Engineer: 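Let me begin by handing over the structure; questions about it come next.
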Number of protein chains: 2
Amino acid sequence: MAPPEIALTAESGEHYLRGSASTKSFLVSLESIYPTDVSGKGSSSVSSDDEFIHDKSAVTTYTTSEQFALANLCINAIRFLCVDAINHANSGHPGVCMGMAAAAFVLFDNHMKFNPLNPQWLNRDRFVLSAGHGSMLLYSLLHLYGYESVSMKDIKEFRQLHSRTPGHPECTETAAVEVCTGPLGQGISNAVGIAVAEAHVASIYNRPGFPIVDNFTYCIAGDGCMMEGISAEACSLAGHLRLGKLIVLYDDNHISIDGSTDLAFTEDVGRRFEAYGWQVLHVGEGSTEIAAIDRAIHLAKQCRDKPTLIKVSTVIGYGSPNKQNTAKVHGSALGDHEASATRKALNYEYDPFEIPSPAREHMRRKVNEGTFQEESWNGMLAEYQKAYPKLHDHLVDDIVTGKLPAAVDTVIRQTAAALREKSQATRKHSKAVLNSIAPVIPTLIGGAADTSPSTLTNLDCSGDYTAEHRIGRNIRFGVREHAMGAISNGIGLAGYNLLPFCSTFFVFTDYMRSAMRMASMSMTGTLFVMTHDSIGLGEDGPSHQPIEHLASFRAMPNHNVWRPADGVETCAAYFSALSIRRCPSTLVLSRQTTRALVGTNFDEAKKGGYVVYDSGSGDVDGTLIATGTEVSVALSAAERLEEEGFTVRVVSLPCWEVFEQQGKQYRKNTLKVPREFCVAIEAASRFGWERYADWFVCVDEFGRSGKGADVMKSMGICAENVIAKFKEMIDNS
Amino acid sequence: MAPPEIALTAESGEHYLRGSASTKSFLVSLESIYPTDVSGKGSSSVSSDDEFIHDKSAVTTYTTSEQFALANLCINAIRFLCVDAINHANSGHPGVCMGMAAAAFVLFDNHMKFNPLNPQWLNRDRFVLSAGHGSMLLYSLLHLYGYESVSMKDIKEFRQLHSRTPGHPECTETAAVEVCTGPLGQGISNAVGIAVAEAHVASIYNRPGFPIVDNFTYCIAGDGCMMEGISAEACSLAGHLRLGKLIVLYDDNHISIDGSTDLAFTEDVGRRFEAYGWQVLHVGEGSTEIAAIDRAIHLAKQCRDKPTLIKVSTVIGYGSPNKQNTAKVHGSALGDHEASATRKALNYEYDPFEIPSPAREHMRRKVNEGTFQEESWNGMLAEYQKAYPKLHDHLVDDIVTGKLPAAVDTVIRQTAAALREKSQATRKHSKAVLNSIAPVIPTLIGGAADTSPSTLTNLDCSGDYTAEHRIGRNIRFGVREHAMGAISNGIGLAGYNLLPFCSTFFVFTDYMRSAMRMASMSMTGTLFVMTHDSIGLGEDGPSHQPIEHLASFRAMPNHNVWRPADGVETCAAYFSALSIRRCPSTLVLSRQTTRALVGTNFDEAKKGGYVVYDSGSGDVDGTLIATGTEVSVALSAAERLEEEGFTVRVVSLPCWEVFEQQGKQYRKNTLKVPREFCVAIEAASRFGWERYADWFVCVDEFGRSGKGADVMKSMGICAENVIAKFKEMIDNS
C-alpha cells in the first residue's frame with residue numbers, strides 16, 4: 001500500500017457536502033448570507049460521485065497555503081503526540097486519533113469557544129468524545145491548547161495507574177473532560193442531554209442583548225456509537241426536539257475491531273439521521289480536507305432548527321504506511337518502527353513527544369483568546385446583573401453555585417407530615433413529593449420513558465420541554481430507557497447544576513443499566529425514580545416483575561438504592577437523593593398500595609435503616625428486617641407474634657448503602673441480635689441478604705401473572721409465612 | 001366523536017402501498033407475475049396523499065362482498081373476545097387488539113402456515129407478538145384457530161394466577177407461543193434471530209425439490225418496539241443480512257401510554273428502515289382495509305432479498321366510540337358500558353364470549369388445512385429420507401430431537417487434558433474449547449458484538465453467516481450487544497434446536513441485560529461467553545472493568561454464572577452450559593493470564609464448587625474460597641500460610657448456582673468450616689459473598705486504568721492481602 005498523499009495545499013481545500021432535499025435548499029439559502037466569501041476558491045475539483053453535492057456557498061477560514069501548512073503542522077503535532085503516548089504505554093487506540101486529528105483540530109482551533117485556564121467557564125462550548133477509546137486525541141488537544149490538567153508528564157503517564165490520563169476519559173479524573181465515555185453510544189447520548197440543558201437554561205436566563213448561555217455542544221462519535229441502540233434512541237429524540245446547537249462529527253472510517261464495517265454495518269447512516277429529522281452533511285476526505293470540515297461546521301452552526309450530523313469519512317490510522325485503513329490500528333500501539341515510517345510518510349521531522357514550536361505557539365494562543373472571551377462574557381454578566389438583578393441572583397445561586405434551596409428541607413418535612421396518615425402506593429407518595437419540591441427547586445428537570453401516567457412523575461407546575469417550549473421541565477423521553485438515562489446524566493453533567501430525574505418501571509432498568517452505572521462512575525447525582533417495584537405489580541407478570549434488581553444495584557459502587565415503606569420514608573429517600581450530589585440514587589416505588597405506618601420516622605429513615613417497632617426495651621427473640629411494602633407485612637407479623645408471646649423488633653432498611661455508612665455500632669444497635677436471629681423480608685431475591693440475616697422470606701424465582709395480592713401470597717410474601725419462618729428460626733436456635 | 005365507519009365492502013378494499021424508488025421498481029416487476037388478478041378491482045379510490053403510491057399489481061384474496069362480510073365477522077370475533085376477556089380480568093391492553101385485529105386475521109387466515117394440532121411442527125410459519133401487551137390478541141387467535149393450549153376456560157382466566165393466559169405471552173406457559181414477549185423490542189429482535197435460524201437450517205438441509213425448511217417469520221410490533229434501541233440494532237442487522245423471509249407488521253397507531261406519539265416520536269420510521277435496507281410498504285387504513293393488508297403481505301413474501309416492514313396505520317381501540325384513538329384504551333379494560341357501545345358501533349350482535357358460528361367454522365378450518373399441510377410435508381420428508389438418508393438422519397437428530405452429540409463428552413475431556421498444563425487467560429482456554437466442540441456440535445452457531453479478536457469466539461471450522469453464505473456459523477453482530485442477546489435467544493427458540501452463543505466484554509452485559517433475563521425467563525440455554533472479567537483487564541479502566549456484574553447475575557433466577565479458574569474448569573463450564581438446555585449460562589473469562597492449577601478437576605468442577613487444595617485430612621484453621629483467576633491467588637496464599645504453620649483449605653467455586661444444587665451436606669463438607677472461618681477472594685463486589693464467608697478480599701469500588709497486574713495489586717487482589725486477611729480472621733476467633 002502506498003503512503004497516503006498528505007500535502008495540504010490550497011487546491012486540496014475542496015469540500016463536499018452531502019444532503020437531502022431540505023439540506024440543499026438550506027445550502028441555497030446560505031448563499032445570500034455569505035455571497036462573497038468563497039468566490040471560487042477551492043472549488044476547482046468537483047466530485048463525480050452523485051452522493052456528494054458540491055457547495056459553493058459556505059465559508060471557510062482556510063484559503064491560503066500558509067494557513068494550510070500551519071494547520072497541517074498542528075494536526076501532525078496532535079497525531080504524533082497520540083502515537084507517541086500510545087507507543088509509550090504500549091496500550092491505546094491510535095486509529096481514531098490519527099484519522100480524526102484534522103477534524104478535531106478544525107473544531108477546536110476554529111470553532112470551539114473555551115478558556116483553557118477555566119475549564120468550568122459557564123458559557124464554554126461543550127465537547128464530548130463519544131468514541132472514548134480515542135482518549136489520547138482529547139488529551140493531546142487539552143495539552144496543546146494549554147489546559148493545565150494535562151501536562152506532558154500526564155501524557156507520558158497515559159494509561160498508567162493513578163494518572164490523570166486514564167484509558168478512557170473520566171470527568172472525575174481530568175479537568176475539562178465533560179463526561180466519562182468509553183462504553184459506546186453513551187457519550188453521544190450525554191451530548192444530547194447537554195444540548196437539552198443548554199437550551200433549557202438559555203430559555204430561562206437569556207434576555208435581548210444578553211446571550212448569557214449560548215454555547216454549542218460538539219461530539220465526536222464513531223461507527224461503534226452509531227451501531228449501538230442507545231444512540232439511535234437519543235438521536236431520534238434529539239431530532240424530535242430540534243436541538244439545533246448539537247453538532248456531531250461522525251468518524252466514518254469503515255473499520256471496527258472485527259475488520260471492515262461491511263462485515264456487519266452497511267446501513268445508510270446519513271439517511272437514517274435524516275429520518276430522525278437531522279441535517280446531514282458529508283465531508284468526503286475527513287483526514288485531510290480541513291476546508292471542507294471547516295465549511296461543514298460553519299453550516300452546522302447556522303442550522304438552528306435541527307441537530308447536524310457531519311459524516312466525516314476518514315482513513316483510520318491515517319498516515320501509517322502499513323497499518324492505516326486496517327483493524328490493526330484500531331486498538332494497538334503502532335510500535336516504534338511503524339511510528340518512524342509514519343513520520344516519514346507524513347514528512348514530520350520531530351522526535352517523539354517533541355512539539356513543533358510554531359504549532360505550540362499557534363495552539364497556545366487559545367489561552368489568551370479564551371481568557372479574553374470569558375472576560376468579555378463576564379463584562380456582559382455585570383451588565384446583566386444591573387439590568388436583571390433577580391435573574392442574575394438566580395443564575396448565580398441555582399446554575400453557577402448549584403446549592404440546594406434551603407426551603408427544600410421545610411417543604412419535604414411538611415410533605416412527610418401530610419403523607420404520614422395516607423395509605424397508598426409509594427409511587428403516589430413519590431408524586432406528592434416531586435410536586436411539592438418542584439416549585440422550590442427550579443433546576444429539577446426530567447421525565448419518563450412513556451410511562452408518566454404510571455410512574456406519576458409529571459411536574460404539575462411546569463409544561464413539557466419541547467422544541468417550542470424549552471422552559472418546560474417535563475421531558476417526554478419516549479420508550480427509550482437507555483437514552484433517557486444517558487441524557488439525564490448529560491443534563492446533570494452539562495455544567496449548569498441542573499438536577500435531572502428520570503423514570504420508568506423498575507424492571508426496565510435492565511434496558512438502561514449502563515447509563516445508571518456511568519452515573520455512579522461519574523459521581524453525578526442523577527435521580528432514578530423507578531416504580532412497579534416487585535411481584536406486587538400483579539397482572540403484567542414475570543417479564544415486568546423485578547426479582548434480582550434490588551440486589552443488582554446494591555452491588556453497584558456509588559449508587560444509593562432506596563425502597564421506602566410509606567410516605568414518610570419516601571420523603572426521606574427524596575431528601576437524601578437530592579442532598580447527595582456526588583452519587584446517583586435509585587428510588588424503588590410500589591404500584592401496590594401500602595398502609596401508613598406508625599413507626600416510620602423522617603430523620604431516622606435518612607440513616608438508611610432504623611427501628612420501626614420494638615416489643616420493649618429488653619431483649620428480643622428475633623428481629624424482622626424489611627424494606628418497602630414488606631415493612632407493613634413485618635409489622636403485621638410482629639403484632640401476631642407478640643400475641644403468641646414472642647418479643648420482636650422490626651427494622652426498616654430502606655437504603656443499605658446509607659445504613660452501611662452509619663458505622664458498626666449503630667448498625668449493631670439497630671439490629672440488636674446477631675443474624676442467626678434475624679428474618680429478612682423482601683419481595684425480591686434473597687441474594688445479598690445474608691449480610692444481615694440467616695432467615696429469609698424472599699422470592700428466588702420469576703414472578704407470576706395474577707392479581708398483585710394473589711401473587712404476593714402465592715410466593716410467600718405474607719405475614720403467615722413470616723410468622724412460620726420466625727418460629728422455625730426460634731425452634732432452630 | 002362519531003362512531004367509525006366499519007362496513008367492509010368490496011369498494012373499501014382499496015389498498016395503499018408506499019415505497020421508495022426501489023420498492024416502486026419492485027412493484028412494477030410484480031405486474032408481470034400477477035398480470036390479471038387484480039384487473040381493476042378495488043382500485044376505484046386513489047388516495048390523493050402523495051405519501052401513498054397506488055399499486056395495481058399485487059394480488060388479494062379478498063374481492064367479493066361475501067368474503068368481506070365473513071372476514072369482518074371473524075375480525076370482530078377476535079376483537080370482542082379480547083374486549084370481553086380484558087373486561088373479565090379488569091386488566092389488559094385492548095387498544096392494540098382492537099386496532100390490529102384485521103391485520104392479524106389476514107395474516108393468520110390467509111398467509112400463515114400452521115397446524116393447530118401440532119404447534120411444534122418444524123415447518124410452521126413463526127409468529128412473534130413483539131407488542132406483547134397485546135397478548136389477548138394472540139390468545140384469541142390461538143383459541144379461534146383451534147389450538148388446544150388456549151381453551152375458552154383459559155381465555156376466561158386471562159391474567160389470573162396459574163392460568164395459561166398470563167399478562168404477557170410466555171412460551172413456557174402456553175404452547176404455540178414461540179417466545180416470551182413484553183419488554184418492548186425484544187420480540188422483534190427474537191424474530192430476527194428466528195429468521196436467521198430458518199435461513200441457516202434451510203441452507204443446510206434443503207435440496208432441489210425438497211424445501212424441508214421453508215417458513216416465514218412474522219412479527220407484529222408497535223410504536224414502543226420501534227422506539228427501543230434494541231430493535232434499531234436488530235433491524236439494522238436484519239437489513240444487512242438481507243433476511244427476506246422476515247416480515248414485520250408495524251402497528252402505527254400514533255398512541256403510546258403518555259398520549260400521542262407526537263409527544264416524543266416524530267421520526268420517519270419507514271425511511272429509517274429503508275436506510276437499513278428493508279422493503280417498506282404502507283397500509284393506510286390498517287384497522288379495516290383487509291385487501292390492502294393482504295396485498296402488502298403478498299408483496300412482502302415475494303421480496304426475498306430484503307426483510308419487509310409493513311407499516312399498518314391503525315386506530316388504537318378501533319370501534320370504541322368514546323375511547324378509540326386515545327391513550328385511555330391502551331392499557332385499561334374498556335368496561336362493560338363501553339364494550340356495549342362498541343358492539344353497537346361495530347354492529348356486532350353477540351354476547352360476551354359468544355363466538356359467531358360462521359366465524360368459528362371458518363377459522364377452525366385451519367385445523368384440517370394445517371393437518372393436511374403437515375401431512376404433505378411429512379410425505380416430502382419420507383421422500384427426502386430416501387433421497388438423502390444421511391441428511392435426514394442429521395435433521396432428525398440435530399434439528400428435530402436436538403440431542404447433544406455423544407462425542408461432546410469425549411472431546412471436552414480430551415480438551416481438558418490438553419489444557420491442563422497450559423498457563424493462559426481463560427478466554428484463550430475458551431477459544432480452545434469452542435473450537436474443539438464446534439466440529440462435533442453442528443448446531444452451535446453464534447458470534448460476537450464486534451469483539452471476536454478479543455473474545456476469541458470465532459469458530460475456525462466455519463465461515464461467516466452472511467446474506468450469501470447462510471451456512472456459516474460465525475455471526476458478526478456488530479456493536480449491538482442488546483440485539484445480539486435477543487437474536488441469540490430467537491435462534492435458540494426458533495424450534496430447530498440450534499445452540500446459540502454470543503460474546504462481548506463482561507461489563508457490556510449492562511447493554512444486553514434484558515435479553516439475558518428473557519433467556520432465563522424463557523428457559524432457553526443461550527450461552528453467553530463474556531470475557532474481560534474484572535479489573536484484571538487493566539488499561540481500559542473502570543468503564544470497562546466489571547465490579548458488580550457477577551453478583552448481579554448470581555441474583556438472577558435460572559441463570560448459571562461460571563467463572564472458571566483454568567483450562568480444566570473452562571472445559572467443565574462449557575460442558576455444563578451445553579448440557580443444561582433449560583437454563584442459560586454466562587461464562588465469565590479472563591483477559592489476564594492465569595497459571596495452570598494442580599488441584600482442578602473436570603468432574604468435580606461440574607459440581608459448581610469443590611476442594612482444590614487441602615492441608616491434610618484433619619481440621620483446618622480456615623478455608624479460602626475463590627473463583628476464576630483468584631483461585632491461583634488463593635493457592636499461593638495457602639502455600640505461604642502453611643509455611644507459617646496454618647492449615648488451610650482452598651475451595652474453587654466456579655458456579656454458585658450449580659453448587660447450590662448439590663445439597664446441603666455436600667456444600668458443608670466442601671467448605672468444612674463455618675463462614676466465620678472462611679475468606680472469600682474475588683476481584684469483584686463482595687455483595688452476596690456473605691452467604692459463604694465473613695471475610696473478604698474483594699473490590700467494592702470502581703476499578704482503575706493501569707497495567708492489569710498493577711491494578712489488581714493496588715486494589716488488594718494479591719496473596720499478601722489474602723494472608724493478612726486470613727491472619728486477621730484467626731486473630732479475631
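For clarity, every value in this text was computed on a predicted model and none was experimentally measured.
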Engineer: Among Ser256(B), Gly478(B), Ser685(B), which has the most heavy-atom pairs under 4.5 Å with chain A?
Structural biologist: Ser256(B)
Engineer: Do any N or O atoms from the side chain of Asp510(B) and from the backbone of Arg513(A) form a donor-acceptor pair under 3.5 angstrom?
Structural biologist: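 Judged by distance alone, no pair lies under 3.5 Å.
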Engineer: What is the minimum heavy-atom distance between Ser543(A) and Arg517(B), and which atoms define it?
Structural biologist: O-NH1, 4.1 Å
Engineer: Just by modelled atom types, is the Gly229(A) backbone N or O under 3.5 Å from a matching donor or acceptor in the Glu233(B) side chain?
Structural biologist: yes
Engineer: What part of Asp710(A) lies closer than 4.5 angstrom to a heavy atom of chain B: side chain, backbone, both or neither?
Structural biologist: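 It is both, since atoms from each part get that close.
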Engineer: When heavy-atom pairs shorter than 4.5 Å are enumerated against chain B, which of Ala449(A), Gly185(A), Gly167(A) gives the highest number?
Structural biologist: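 Between Ala449(A), Gly185(A), Gly167(A), the count favours Gly167(A).
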Engineer: In Å and rounded to the nearest 0.5 Å, what is the OG to CD distance from Ser705(B) to Glu157(A)?
Structural biologist: 11.5 Å
Engineer: Most heavy-atom pairs under 4.5 angstrom with chain B, which of Ile257(A), Leu550(A), Asp450(A)?
Structural biologist: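 Most heavy-atom pairs under 4.5 Å with chain B: Asp450(A).
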Engineer: So, for Leu161(B) and Ser714(A), which heavy atoms are closest and what is the spacing to 0.1 Å?
Structural biologist: CD2-CB, 3.5 Å
Engineer: Below 4.5 Å from any heavy atom of chain A, which atoms of His240(B) appear? Answer side chain, backbone, both or neither.
Structural biologist: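 For His240(B), the contact with chain A is made by backbone and side chain together.
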Engineer: Counting only non-hydrogen atoms closer than 4.5 Å, does Thr266(A) touch chain B with its backbone (N, CA, C, O), its side chain (CB onward), both, or neither?
Structural biologist: both
Engineer: Less than 4.5 Å to any heavy atom of chain B: does that hold for the side chain of Pro546(A), its backbone, both, or neither?
Structural biologist: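 For Pro546(A), the backbone is the part near chain B, not the side chain.
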Engineer: Looking at side-chain heavy atoms only, is the closest gap between Phe553(A) and Phe687(B) below 4.5 Å?
Structural biologist: no
Engineer: Looking at Gly224(B), Ser231(B), Gly538(B), which has the largest count of heavy-atom pairs under 4.5 Å with chain A?
Structural biologist: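 The option with the most such pairs is Gly224(B).
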Engineer: How far apart are the C-alpha atoms of Arg554(A) and Glu548(B), what are their side-chain angles, what is the distance that settles it, and do they pass the salt bridge (Lys or Arg N to Asp or Glu O under 4.0 Å) test?
Structural biologist: CA-CA 9 Å; Arg554(A) 286 173 183 154; Glu548(B) 70 280 17; over 6 Å; no
Engineer: Mind ranking Leu237(B), Thr451(B), Val711(B) by heavy-atom pairs under 4.5 Å with chain A and telling me who comes out on top?
Structural biologist: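 So the answer, after comparing Leu237(B), Thr451(B), Val711(B), is Thr451(B).
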Engineer: Minimum heavy-atom separation for Glu228(B) and Val479(A), please, with both atom names.
Structural biologist: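 Looking at all heavy atoms of both residues, the closest pair is OE2-CG1, 3.2 Å.
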Engineer: Of the non-hydrogen atoms in Phe477(A) and Ala264(B), which two are nearest, and what is the gap between them?
Structural biologist: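 For Phe477(A) and Ala264(B), the tightest heavy-atom pair comes out as C-CB, 4.3 Å.
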Engineer: Only pairs of heavy atoms separated by less than 4.5 Å count here; which of Arg272(B), Arg476(B), His162(B) has the most with chain A?
Structural biologist: Arg476(B)
Engineer: Atom CG of Leu263(B) and atom OG1 of Thr466(A): how far apart are they, to the nearest 0.5 Å?
Structural biologist: 10.0 Å
Engineer: Check whether Ser452(B) gets within reach of chain A through its side chain, its backbone, both or neither, counting any heavy atom under 4.5 Å.
Structural biologist: both
Engineer: What heavy-atom pair brings Tyr511(A) and Leu184(B) nearest, and what distance separates the two atoms?
Structural biologist: OH-O, 2.7 Å
Engineer: For Asp540(A), run the side chain to side chain donor-acceptor pair (under 3.5 Å) check against Arg159(B), His93(B), His133(B) and tell me which one passes.
Structural biologist: Arg159(B)
Engineer: Chain A heavy atoms under 4.5 Å from Glu170(B): which part of the residue, side chain, backbone, both or neither?
Structural biologist: side chain
Engineer: Taking C-beta and beyond as the side chain, do Phe265(A) and Arg480(B) meet within less than 4.5 Å on heavy atoms?
Structural biologist: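 Yes; the side chains approach each other to less than 4.5 Å.
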Engineer: Relative to chain B, which segment of Ser552(A) carries a heavy atom at a distance below 4.5 Å: side chain, backbone, both, or neither?
Structural biologist: both
Engineer: Distance check, rounded to the nearest 0.5 Å: Trp689(A) atom CH2 versus Glu690(B) atom CD?
Structural biologist: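 If I round to the nearest 0.5 Å, the distance is 12.0 Å.
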Engineer: Please report the closest heavy-atom contact between Lys707(B) and Gln160(A), naming both atoms and the distance.
Structural biologist: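 Residues Lys707(B) and Gln160(A), closest heavy atoms: NZ-OE1, 2.6 Å.
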Engineer: So for Asp464(A), is it side chain, backbone, both, or neither that comes closer than 4.5 Å to the heavy atoms of chain B?
Structural biologist: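 It is the side chain, since no backbone atom gets that close.
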Engineer: Most heavy-atom pairs under 4.5 angstrom with chain A, which of Glu267(B), His168(B), Met556(B)?
Structural biologist: His168(B)
Engineer: Tell me, out of Gly182(A), Gly277(A), Ala327(A), Ala551(A), who's got the most heavy-atom pairs with chain B below 4.5 Å.
Structural biologist: Ala551(A)
Engineer: Sort Phe508(B) into side chain, backbone, both or neither according to what part of it lies under 4.5 angstrom from a heavy atom of chain A.
Structural biologist: side chain
Engineer: Ignoring hydrogens and angles, tell me if any N or O in the side chain of His544(B) forms a donor-acceptor pair with the backbone of Pro183(A) under 3.5 Å.
Structural biologist: no
Engineer: Which bit of Ser520(B) comes within less than 4.5 Å of chain A, counting heavy atoms only: side chain, backbone, both or neither?
Structural biologist: both
Engineer: Heavy-atom cut-off 4.5 Å, strictly under: side chain, backbone, both or neither for Val507(A) against chain B?
Structural biologist: side chain
Engineer: With a 4.5 Å cut-off on heavy-atom pairs, point out which of Ala684(A), Ser236(A), Ala448(A) contacts chain B the most.
Structural biologist: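 Among the listed options, the one with the most contacts to chain B is Ser236(A).
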Engineer: For Asp694(B) and Arg691(A), what are the C-alpha separation, side-chain angles and deciding distance, and is it a salt bridge (Lys or Arg N to Asp or Glu O under 4.0 Å)?
Structural biologist: CA-CA 9 Å; Asp694(B) 275 355; Arg691(A) 180 173 299 176; over 6 Å; no
Engineer: Hey, what do you get for CD (Glu173(B)) to CZ (Arg704(A)), rounding to the nearest 0.5 Å?
Structural biologist: 9.5 Å
Engineer: Could you tell me the separation between the OG atom of Ser163(B) and the CD atom of Glu539(A), rounded to the nearest 0.5 Å?
Structural biologist: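 Going from the OG atom of Ser163(B) to the CD atom of Glu539(A) covers 10.5 Å.
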Engineer: Please determine, among Pro557(A), Ser514(A), Gly706(A), the option with the most heavy-atom pairs under 4.5 Å with chain B.
Structural biologist: Pro557(A)
Engineer: Under 4.5 Å, counting heavy-atom pairs only, tell me which of Pro166(B), Ser135(B), Pro453(B), Gly331(B) racks up the most with chain A.
Structural biologist: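 Of the candidates given, the most pairs with chain A belong to Pro453(B).
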Engineer: From Ile230(A) CD1 over to Ile230(B) CD1, what is the distance, rounded to the nearest 0.5 angstrom?
Structural biologist: 13.5 Å
Engineer: For Ala232(B), which atoms come within 4.5 Å of any heavy atom of chain A: side chain, backbone, both, or neither?
Structural biologist: side chain
